[in-house]
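Take a look at the structure set out below.
Just so it is clear: chains get the letters A, B, ... in the order the sequence lines come, proteins before strands, and each one is counted from 1. Just so it is clear, the values below take in all heavy atoms, side chains as well, and ignore hydrogens, waters and symmetry mates.
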Amino acid sequence: MLELNEGKRDDRTFFADVILPLAISKTYTYRVPQALKAQVAVGKRVVVQFGKSRIYTAIVYHISETPPQLYEAKYIMDVLDEIPVVNAHQISLWEWISSYYMCHIGEVMQAALPSALKLASETRVVLMKDAVYDKGELSDKEFLIMDALEIQPELKVSDIAKLLGQKSVFRLLKSLFDKGIIHISEEIAERFKPKQLTFLRLNSYYDEPENKRALFEILEKSPKQLEVLLAYMKLSRNAPSSVAKKDLLEESGCSSAILKTLITKEIFISESRVVSRLYEQDQALSPEFRLSDDQQAVSESIKTHFQDKDVTLLHGVTSSGKTQLYVKLIEEVIQSGKQVLYLLPEIALTAQIIERLRAYFGKKIGIYHSRIGDNERAEVWNKVLNKEYSVVLGARSAVFLPFSELGLIVVDEEHESSYKQYDPAPRYHARDTAIYLAHLHRSKVLLGSATPSLESYYNAKTGKYGFAELKQRYGDSNLPVIQVVSIAEETSRKTMQSHFTSVLVAEIKQALGRKEQVILFQNRRGYTPMLICKTCGYIPQCIHCDVSLTFHKSTGKLHCHYCGYKQDTVSVCPACGSTHIEQKGFGTEKIEDDLQFIFPDARISRMDLDTTRSKNSFQRILNDFEDQKIDILVGTQIVAKGLDFDKVTLIGIINADSLLNYPDFRAFEKSFQLLSQVGGRAGRRERQGKVIIQSHNIHHRVIDQVIHHNYEGLFRTEMTERKSFHYPPLYRMIRIDVKNKDQFVLNEAAQRLAAEFRNVLGARVLGPEDPLVTRVRNFFIKTMYIKIEREGISVSKVKNFLKSALLTFDTDKRNKGTIVQVDVDPY
DNA sequence: AGCACGCCGACT
DNA sequence: GTCGGCGTGCTC
C-alpha cells in the first residue's frame, strides 16, 4: 500500500478511517501500528476495539497521515486479510446506498458482509459437524480453543478471549474457520415455505414403443388403471413431464388409490416439486440448445441497444424463453472474461432453475440467497473475490458480492416488489442498486419481465432505457378475451345501469346463467370517496392528511383512509350552510349495493380491508367463494391475494380511469397480473375467460399502451386503435417515522414537519397517523408519507430538506421529535 | 448498536 | 442509606 524508498527507513505514522458494522454515521480513525503498516489497506478487515470492551471487525475505508486533532486514536489490533475482501466499487456502492436510502454506512456493511466475515465479541462460535482435523497440526492456542469447544459446543468470541487471556482472537478463529473445523453459530430459520405439488411421470421404461404396447395389454384387465394411463397420455401431450397428480385424478375421474397401485407397480414415478405459479417454466437448457429465430433477433436488438444505453428492458411474455436468451447472453459476456450477476426474486429461485443453470454453467456459477447457510455465503463471497465464479445467480443481497469486473447484470422479474428490502435498514431496492452497481463497473443491465413495472416501462418509453420485446404466438382458441368498454359512449346512449355498462351487465347475466363466478374489481373502499357542496364547492377533508374523507355507509361516518381519522358525516355544509351536498365517486360498498339492485337473486359479497379486518374473515370469504356460496365477489386489490378459482370466468374492472394514478396503479397492476392468470386458467378449462375493463376514456393512453402491451399474447385483445402516448405523473413515496415518548409533543412535531413539507417542497403529505400511532416500549411512533412528483423534486432535494428539518427539531427543545426512519420508495 | 454515567423511586 | 429503573450521550 505504501511507497517505500528503497533502503530508507519509513518512520511515517498512518491513520486508518474504518467502517464499523453499527448504526453509526461516522467512520472512526485508528492508528496503524508500525508492525501492521505493510498490511493495512483499504477494503481489508481489521480488528479494532470500540468503546470500553467491545471488539469488532471493521473495514478500512481510508488511509491518511494526518493524526486526529481532538482525540488520541486507538491502535488497530490486527489485520485479518491478505487481500482486501471489499473492493473500491463496493465501497462506492455502500456510500451510494447509505446516501440514497438515508441510512448509516455501517448498516450497509452489516447487510453486505456475510456474518462469517464479521466476527464481533458477541458472535458465537460452534464446532463444525463431523469436523475431521489433525490435532498435531493445531497451534497450542488453537488446541485450547478446540478443547473448550469439545466440552461446550457453543462459545462466545469474548469467552474464548477470556479463556486465552488475550484480547484479540479473531486471527486464531479465522485460521480455524479456514481449516473448516469451526463455524459461526446461526439460528436456522426456514421462513420461506415454498408451495409443493406432486407430479407424475411415466417410467422411462415405457418410452420404448413395444414396452408401452405391452403395458396397454397388461392394463386391459384393470380398466380403471387404464383410464388413468389414458388420462396421463392426454395431459402429457400439452405439458410433458409436468402432469400434476391433482389434474390427473380430475381428468381420469379415478381415486387416488388406483393411482397408488400404479405407483407401487412402478409404472408411474411420483415426485414432489416446488411450484411457483407466478414464474414461467422454461424449456430445459440442454448443453447445445440453440436460440429460436425470434430469440436470436431479440438478443441482437438488445446488444444493439447496449451500444448506447446502459439499461435495456426486455418485455417477454411468460414462457417465451427469456431464460434461454439470458443464458446465451451471459455466456458471451463470460467468454469475454467478465463477470455476470443474474438476479431473481427470492421466491423465483426454485430448485429447478438453480439445477438447470448449474448443469449448464457447471463450476462457473455461484448461488447466493437468504436460504443458504452463512458458511456457504462466505464461501461464495470468497469465490467471487478470487474470480472462481464468473456467474452468480442470486436474490436481492447478491448485489453486495465482491465483483471485480461485471460485464452484465440481469434483473429478471424486475417488477417484483420483493426486490425492495423493507424491514431493517438499508432499505434498498436491488433493481435500482444493480443499475448503480453496473454504472460503477461500466457494465450493462438487462431488466426482464412479462409485466414490467411502470417506472421501468416509463424509462424505456422515454428513451432512457433500451426496449426489446420477445413475443410468442399463441393459438387463439382458448385465450381469455380482454375487452375495453367505453363508459362515455354508453352514458350518451343512456345504456348505463348505475356504474355498469350494458356489456358488463350482459356478461354477468350470462356467467350467472352458466353457474360461473364473477369478480368485480374496484380499488376504492367505502361508499363514496368524496362529498362536495354544490353551492360553495366545500369538500370535507382529513384534518391531518391532504385527502378528502370517504363516506362509509356501514358506519355512517366519514373516514380518512390514510390515518384512520373518523368524523360524523355532514348533511349541512359547514362552510356555507347549504344542504345541497353531492356524493362524488363510488367505492366497493356502493358497487355492492347497486349490483344487488340489478341482480336481486345473486349472492354478492364484498372483500376489502373493511370486511377482512377481523381475524378469519379473509379466509372465510375465500372459502365461501371457492365453495360457490358466492356468485359475485366485489373487491379492492385484496381480491388478488388469494385468487385461484376454477369457476371464475369473468372479471370486471369497474373503472380503470380511477386506477391510473399512483399509488393505485401499482395495486391495479399487481391485481391485473393475477387476474389475468385466473382468466388464463378459465381458458384452459375450455371455458372462455373474459376480462372487461370499463373506462370513461377508452382511448386513455395508459390503458391502451400499458395494459395492451403487457398482456398482449396472454389475451385476445379487442382494443381500439392506439393514440399518442402520455403517462400519468409518477410519484415517489417517502416514508418518515417520527418518534417521541410524549404523544402530544410527537403530534406537534409531526404536524410541523408535515407543514414544512407542504410549504417548502409543495409535497402532498399523507398521515401522520393519529389514532394509529405505534407504540414501541414507552415510545410513540408516527408514520407519515410524503408524496412528491418524480419529475419535479429530486431525492437529494428532499434529503437536504430533511436534514434541515431535523436540525430545527433538535434545536427546538420543547418540540423535540426524532426521525427514526426514512424510506425512499422508487415509485 | 452497546455500554457507562446519571438522576429519581422502593427496598435490606 | 443503596439497588436499580431507563434516559442521554459517546464511542476513534
Selection residues 368-389 of chain A - residue pairs positive for ring pair (Phe, Tyr, Trp, His ring centres under 6.0 Å), sequence neighbours left out: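 The answer is none; no pair qualifies.
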
List, with names and distances, any nitrogen or oxygen atoms from the protein found under 3.5 Å away from nitrogen or oxygen atoms belonging to nucleotides 10-12 of chain C.
residue	atom	partner	partner atom	Å
C:dT11	O3'	A:Gly51	N	3.2
C:dC12	OP1	A:Gly51	N	3.3
C:dC12	OP2	A:Lys74	NZ	2.3
C:dC12	O3'	A:Thr29	O	2.9
C:dC12	O3'	A:Lys74	N	2.7
C:dC12	O2	A:Thr29	N	2.9
C:dC12	O2	A:Tyr71	OH	2.4
C:dC12	N3	A:Tyr71	OH	3.2

Mind checking what makes side chain to side chain donor-acceptor pair (under 3.5 Å) contact with A:Ser115, not counting sequence neighbours?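 Checked A:Ser115 against side chain to side chain donor-acceptor pair (under 3.5 Å); matches are A:Asp374.
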
Sequence neighbours excluded - side-chain hydrogen bond (donor to acceptor under 3.5 Å, both in side chains) pairs with any residue from residues 143-153 of chain A: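 Every pair satisfying side-chain hydrogen bond (donor to acceptor under 3.5 Å, both in side chains) with a residue in residues 143-153 of chain A: A:Tyr133-A:Glu150.
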
Residues that A:His104 engages under ring pair (Phe, Tyr, Trp, His ring centres under 6.0 Å), provided they are two or more places apart: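 For A:His104, no residue satisfies ring pair (Phe, Tyr, Trp, His ring centres under 6.0 Å) once neighbours in sequence are set aside.
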
Holding to ring pair (Phe, Tyr, Trp, His ring centres under 6.0 Å), I want the full list of residues that pass it with A:Phe50, two or more places apart in sequence or in another chain.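 A:Phe50: ring pair (Phe, Tyr, Trp, His ring centres under 6.0 Å) contacts with A:Tyr28.
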
How close or far is atom P of B:dA1 from atom CD of A:Glu107, stated in whole angstroms?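 Rounding to the nearest Å, CD of A:Glu107 and P of B:dA1 are 7 Å apart.
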
